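Below, all heavy atoms of this structure are taken into account, side chains as well, without hydrogens, waters or symmetry copies. Chain naming here is simple, since letters A, B, ... match the order of the sequence lines and numbering starts at 1 in each. All values derive from a computational prediction rather than experimental measurement.
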Amino acid sequence: MTGRRLDGTLGPDLVVHGKLDGKSDLRIDGVFEGEIDVDGALAIGPEGSVVASLRVGSLEVEGEVRGDVSATDGVAVRAGGRLVGDVRARRIAIDDGGSLEGGIDMDFDGEAR
Amino acid sequence: MSVRSSLLPAGVTLTGSIEGTGDLVVAGVVEGPIELDGDLVIEEGGAVAGDVRVASLVVRGRLTGDASAKTSVRVEPSAAVVGDVSAPRVQIVEGARVRGRVTMTGEPLVPQAVRRRRRGPERVEPVVAAVVAAPSAPPAEPAAAKPRRRRRRGARKPPPPTIPAVQRQKARRKDRAPLEPVS
């Protein structure tokens, strides 16, 4: 193995079912169904399709995500990305051309809600 | 790395299944089956607990489960494999720990006469599919592997012994059978 740290990738022709947990950055270009609990940055590529509840450090959606999202940091839905589910995060960004269907719950630092 | 290849990094556990095409490197943990039309590498420190069906397989970490590959399986010195391995070519590098049955499906069946002719002093059989035994492996492991084989053999029951006298009795009884309703 090379010395540099490799981020995880699940390629476009991969179908994964189950529960993924651990600590790493991860990019999904394939199909994932189940549950993801990853302490790190998760990116869903343009061809990626994820049906899962997500607990992540941060999330970037360029493909499609169905499921509730809980992120300790930020969630970003990029142009062409689609997120269906409730989102709980500290920061949320929906780019022009991105779509979100669901509730947003942002943690305001120290503010009573 | 090509776009088609995937990596399950160290520190990540997947409990579930993986299937599809493209190559996959497992440096983390997979608990569940992997079915791949591509090459699978289980890195040192990585572990797979589940059956594996791939185009080719390289093991440097742990594999617990049966492995079947379309072309080849290579078990490297840092690897530990518990399960049956089946492929046209299977290579086990010295130092690897393996417990299970190895089936080399692609080995050509050479007629005995040809094999005898080939066994000349000047001609050494080319090592197409070599299994290098690991003499450094702890002796406890081959010993532990033995009961498994014995069990398998024991499962094949020998045919029941035929006792001529019993058969003759039965035959006689059968002959008598039509008479019984009468009496």
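The heavy-atom pair separating B:P9 from A:G8 by the smallest distance is CD-CA, 3.4 Å.
B:T21 OG1 to A:L14 CG: the interatomic distance, rounded to the nearest 0.5 Å, is 7.5 Å. Rounding to the nearest 0.5 angstrom, the gap separating the CG atom in A:D13 from the CG atom in B:L24 is 12.5 Å. Atom CD1 in B:I18 sits 7.0 Å away from atom CG in A:L10 (nearest 0.5 Å).
Only the side chain of B:L36 has a heavy atom closer than 4.5 Å to any heavy atom of chain A. Residue A:V15 touches chain B through both its backbone and its side chain, counting heavy-atom pairs closer than 4.5 Å. Neither the backbone nor the side chain of A:I36 comes within less than 4.5 Å of any heavy atom in chain B.
The local environment of CZ in B:R53 is sparse, with at most 12 non-hydrogen atoms from other residues, nucleotides or ligands closer than 6.0 Å. Heavy atoms from other residues, nucleotides or ligands lying under 6.0 Å from CD of A:E47 number 12 at most. Sparse packing is recorded around CZ of A:R55, with 12 or fewer heavy atoms of other residues, nucleotides or ligands lying under 6.0 Å away.
Note on A:V51 and A:F32: separate hydrophobic clusters, where clusters join Ile, Leu, Val, Met, Phe, Trp and Tyr whose side-chain heavy atoms are under 4.5 Å apart, directly or indirectly. By the criterion of side-chain heavy atoms lying less than 4.5 angstrom apart, applied directly or through intervening Ile, Leu, Val, Met, Phe, Trp or Tyr residues, A:V77 is not grouped with A:V84; the two fall into different hydrophobic clusters. A single hydrophobic cluster is not seen to contain both A:V31 and B:L14; linkage of ILVMFWY side chains at heavy-atom distances under 4.5 Å, directly or through other members, places them apart. Under a hydrophobic clustering in which Ile, Leu, Val, Met, Phe, Trp and Tyr are joined whenever their side-chain heavy atoms come within less than 4.5 Å, directly or via other members, B:V85 and B:M104 fall into the same cluster.
Looking only at side-chain heavy atoms (C-beta outward), B:L8 and A:L20 come within less than 4.5 Å of each other. The shortest distance between side-chain heavy atoms of A:T9 and B:S5 does not fall below 4.5 Å.
Among B:G20, B:S17, B:G16, the residue with the largest count of heavy-atom pairs under 4.5 Å with chain A is B:S17.
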